[in-house]
Engineer: 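What follows is a single structure, and I will ask about it in a moment.
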Amino acid sequence: MTQMTPPPAAPTPDGSAPEPPFLSLHTTVVILTALVIGLVVGVLTVLAGAPVAGSVLAGLTAAGSSVPILRSLIGRSP
């Protein structure tokens with residue numbers, strides 16, 4: 001199977017190399033997915049009748065504990 005290599009980045013008008021991205025695509029997807037999971041867990045906890053502070057803690061716990069799992073499940077591009 002052949003692998004596609006990205007084309008080389010074109011230099012900027014002032015001749016310097018382009019700045020690398022702040023976060024990689026893999027990191028961005030993992031963090032955003034963890035954020036969604038945390039929000040869903042927090043909202044469901046509020047709807048179940050728990051206090052807001054407990055719901056925030058549940059959402060933060062769910063988001064934080066899902067990051068290592070998502071990091072291993074979502075593959076990096078070659």
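Residues take their numbers from the sequence shown, with the count starting at 1.
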Engineer: Between side-chain atoms of residues 43-67 and protein atoms elsewhere (two or more places apart, or another chain), which donor-acceptor pairs fall under 3.5 Å?
Structural biologist:
residue: T45; atom: OG1; partner: V41; partner atom: O; Å: 2.6
residue: S55; atom: OG; partner: V46; partner atom: N; Å: 3.3
residue: S55; atom: OG; partner: P51; partner atom: O; Å: 3.0
residue: T61; atom: OG1; partner: L57; partner atom: O; Å: 2.7
residue: S65; atom: OG; partner: T61; partner atom: O; Å: 2.8
residue: S65; atom: OG; partner: A62; partner atom: O; Å: 3.3
residue: S66; atom: OG; partner: A62; partner atom: O; Å: 3.2
residue: S66; atom: OG; partner: A63; partner atom: O; Å: 2.9

Engineer: According to side-chain contact (heavy atoms from CB on, under 4.5 Å), who are the partners of L73, at least two apart in sequence or on a separate chain?
Structural biologist: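 Applying side-chain contact (heavy atoms from CB on, under 4.5 Å) to L73 gives I69.
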Engineer: Output all residues satisfying side chain to side chain donor-acceptor pair (under 3.5 Å) with T28, sequence neighbours left out; order by chain, then residue number.
Structural biologist: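 If we apply the side chain to side chain donor-acceptor pair (under 3.5 Å) test to T28, skipping adjacent residues, there are no hits.
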Engineer: Tracing side-chain links under 4.5 Å among I, L, V, M, F, W and Y, which residues wind up in one group with L23?
Structural biologist: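 ILVMFWY cluster around L23 also holds F22.
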Engineer: How close do R71 and H26 get, heavy atom to heavy atom, and via which atoms?
Structural biologist: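 Heavy atoms of R71 and H26 come nearest at O-NE2, 3.6 Å.
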Engineer: Report the residue from L32, L25, I31 that forms a side chain to side chain contact (heavy atoms under 4.5 Å, CB included) with V29.
Structural biologist: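 Answer after filtering L32, L25, I31: L25.
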Engineer: Quickly, which of V36, V30, I37 forms a side chain to side chain contact (heavy atoms under 4.5 Å, CB included) with T33? Name it, please.
Structural biologist: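 The side chain to side chain contact (heavy atoms under 4.5 Å, CB included) with T33 is passed solely by I37 among V36, V30, I37.
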